Structures are given as structure tokens and as C-alpha cells.
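Just so we're clear, the structure is a prediction, and the values are computed from it rather than from any experiment. Counting starts at 1 for both ligands and their atoms, in listed order. Index from 1, following the sequence.
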Amino acid sequence: ETPTISLRGVGRDFHRARTRLTERPPVVHAVRDVTVDIAPGERFGIVGESGSGKSTLLRMICGLDRPTTGEILVEGTPIHASPPRRLGWLRQRLQLVFQDPMSSLDPRMRVGDIVAEPLVGQRIGTPAERRARVAELLERVGLSADAAKRYPHQFSGGQRQRISVARALAPNPAVLVADEPVSALDVSVRAQVLNLLDEVVDGFDLTLVFVSHDLSVVRHVCDRVAVMRQGEFVEVAPTEQLYVDAQHPYTRQLLAAVPRLDAALAGRTATELAARTLAATEE
Ligand code: ADP
């Protein structure tokens with residue numbers, strides 16, 4: 001089976017400005033030699049502290065930035081091959097759910113136009129078909145159809161994240177890429193949005209790439225987790241194995257900072273667990 005996403009020795013260097021003319025510009029290895037295959041339908045988590053290279057890696061997976069070394073394949077197609085003729089296709093197959101729904105939704109656009117934006121951009125459907133699709137998507141994410149006529153500021157943070165999810169689903173993608181999708185939300189709303197992601201990933205048969213600095217959130221969303229430090233994957237393991245039997249000292253260090261889960265919670269739904277874990281984090 002062709003992996004949905006293949007990273008092969010992917011690296012990305014940045015050059016910092018020279019402090020002295022005689023100096024060579026210092027190089028930052030933001031991502032180094034990352035290799036992994038993400039299978040269709042997998043929920044793959046990437047955790048790491050701020051500055052570990054998560055955003056740089058995501059930008060490359062989404063085709064927004066080029067690797068310095070290595071290659072990235074989406075459904076078997078190298079996405080950075082030149083000329084970049086397949087970017088339109090990539091835009092449809094892979095959709096982003098943003099970190100901060102406040103800043104990522106254009107305040108001047110009606111919600112219906114925001115959700116339809118990827119369809120208009122890809123010239124998918126007639127205006128009537130797009131309106132029908134928008135209504136259907138708003139319902140799927142738990143918003144009423146009349147939300148289409150309103151503006152983002154008329155919605156709460158959690159509702160805006162629902163709008164962002166509806167927009168991501170519009171062009172019928174194969175992959176959702178979620179970058180810290182709940183970090184800007186209140187604890188009480190986080191579990192709802194995580195539950196929604198859970199639901200749409202199942203319901204729409206998606207592959208999920210979920211990035212967060214928060215191990216407790218990733219635990220309840222992902223099947224497999226990569227721990228990133230200083231641009232490298234130091235450990236990649238099935239979620240439960242990682243939490244029970246972490247191999248890398250850095251993973252154990254990160255885990256030590258996460259509140260322990262009561263063993264009695266085993267078997268509860270993801271939402272209940274996430275709500276409890278997050279409540280524990282807040283205490
Ligand atoms: P994270 O998303 O995990 O917080 P980033 O991918 O944003 O990490 O950053 C990884 C490293 O790369 C950091 O040291 C950061 O300063 C550096 N970096 C990221 N983007 C740039 C850029 N455009 N120019 C220079 N350095 C960058």
C-alpha cells in the first residue's frame with residue numbers, strides 16, 4: 001500500500017544573519033534527516049517543544065517550503081519536483097486546520113464564503129453546488145446552516161475552529177494537517193474540538209497529521225507519535241507504547257512533565273479522557 005505521506009531524509013537549513021562581516025553566516029538546522037511513512041487512515045502526531053522544528057516540517061509537507069535535503073512524497077508523488085506542476089493537486093489533497101482560528105479567518109468574509117474558498121480556488125462546482133456543500137459541511141461540524149450568512153466575529157473560539165474544520169473538509173481532502181488546533185482555546189472547549197476532529201477523521205476517512213507541543217492532547221488523538229527535538233525525530237512509536245515504555249530519555253523527560261492519568265480511566269472515550277487530562281493540566 002502506498003503511504004499517504006513519505007518523508008525521506010528530509011532536512012531544512014536556515015541561514016542566520018552574519019554578526020560580523022568576516023564571519024560565515026551561521027546555519028540553523030531546523031529539520032534534520034527526518035524519515036517516516038504515514039499510512040492511509042493513520043493519525044500521526046508530532047510533538048516537540050517550541051523551536052523543535054514542527055512548523056518548518058509542516059510547511060514542507062504542505063508544499064509551502066522546500067526541503068534543503070531529502071524528498072517528500074504525497075500518495076507516491078514527489079511534491080517538490082520541479083517544475084512544481086502538482087501544487088494545485090496538493091492543495092486539494094491536503095488541507096490545513098490552523099492554530100489560531102481568530103487570526104486565520106478573514107473578518108470581512110461571510111462564513112459561507114470562507115468555507116467555500118477552497119472550492120472557488122480549485123474551481124470546484126457551480127455556485128449552487130458550492131452553497132449546498134457549505135450547508136452540508138456546516139451541519140457536519142455542528143453549526144446551523146444560517147451561520148453561512150454571518151461573520152467570524154459573531155462566533156466563539158470553538159465555533160471558529162469548527163468553521164476552520166468545515167473549510168478544510170470542503171475540497172474533499174485525503175489528509176488533514178492540524179497545527180496546534182486547540183492551543184488557543186479554553187480548556188472546556190478543547191475536548192469538543194478534539195472530539196470533532198476525531199469524528200471527521202473517521203467519518204471522512206482521512207489521514208491526520210497532528211502537531212502539538214502538548215503530549216496529553218496528542219495522546220488522545222493519535223495512533224502513532226513522533227517526538228521531535230532540535231529538528232530530529234528522536235523516537236517514533238505507537239501512542240500507547242510511547243506512554244508506557246518510552247525508549248528515549250528525552251521522551252521520558254517530556255512525559256514526566258505531563259500529569260499522570262488515573263489507570264481507572266482506561267477504556268473511556270477520547271473526549272472524556274481529553275477533558276480530564278486537560279482539567280488536570282490546568283490545576
Ligand atoms: P516549532 O514549530 O517546533 O516551534 P520551528 O519550525 O518554528 O519550530 O523552528 C525551528 C528552528 O528553525 C528554530 O530555531 C527557528 O528559530 C528556526 N527557523 C524557523 N523558521 C525560520 C526562518 N524562516 N528563518 C530562520 N530561522 C528559522
Quick one: which ligand 1 atoms are inside 4.0 Å of a heavy atom on [X]?
{"X": "Lys54", "result": "1 (P), 2 (O), 3 (O), 4 (O), 6 (O), 8 (O)"}
{"X": "Thr56", "result": "5 (P), 6 (O), 9 (O), 19 (C)"}
{"X": "Ser52", "result": "1 (P), 3 (O), 8 (O)"}
{"X": "Glu49", "result": "3 (O)"}

Distance under 6.0 Å and angle within 45° of the ring axis: does Arg219 meet both against Tyr243? yes

Phe14 six-ring centre to Arg12 NZ/CZ under 6.0 Å and within 45° of normal: yes

For residues Glu235 and Thr251, is any side-chain donor paired with an opposing acceptor at under 3.5 Å? yes

Which protein heavy atom lies closest to [atom], and at what distance to 0.1 Å?
{"atom": "atom 12 (O) of ligand 1", "answer": "Ala30 CB, 3.2 Å"}
{"atom": "atom 8 (O) of ligand 1", "answer": "Gly53 N, 3.0 Å"}
{"atom": "atom 4 (O) of ligand 1", "answer": "Gly51 N, 2.6 Å"}
{"atom": "atom 19 (C) of ligand 1", "answer": "Phe14 CE1, 3.5 Å"}
{"atom": "atom 2 (O) of ligand 1", "answer": "Ser55 OG, 2.5 Å"}

With the 4.5 Å side-chain cut-off for hydrophobic clustering, are Ile114 and Tyr151 part of the same group? no

Residue pairs passing the side chain to side chain donor-acceptor pair (under 3.5 Å) test where at least one lies in residues 67-76, sequence neighbours excluded: Glu75-Arg93

Any Arg16 heavy atom less than 4.0 Å to ligand 1: yes

Determine yes or no for a side-chain-to-main-chain donor-acceptor pair under 3.5 angstrom, with Glu232 supplying the side chain and Arg229 the backbone. no

Which other residues belong to the hydrophobic cluster containing Val244, where Ile, Leu, Val, Met, Phe, Trp and Tyr are joined when side-chain heavy atoms lie under 4.5 Å apart, directly or via other members? none

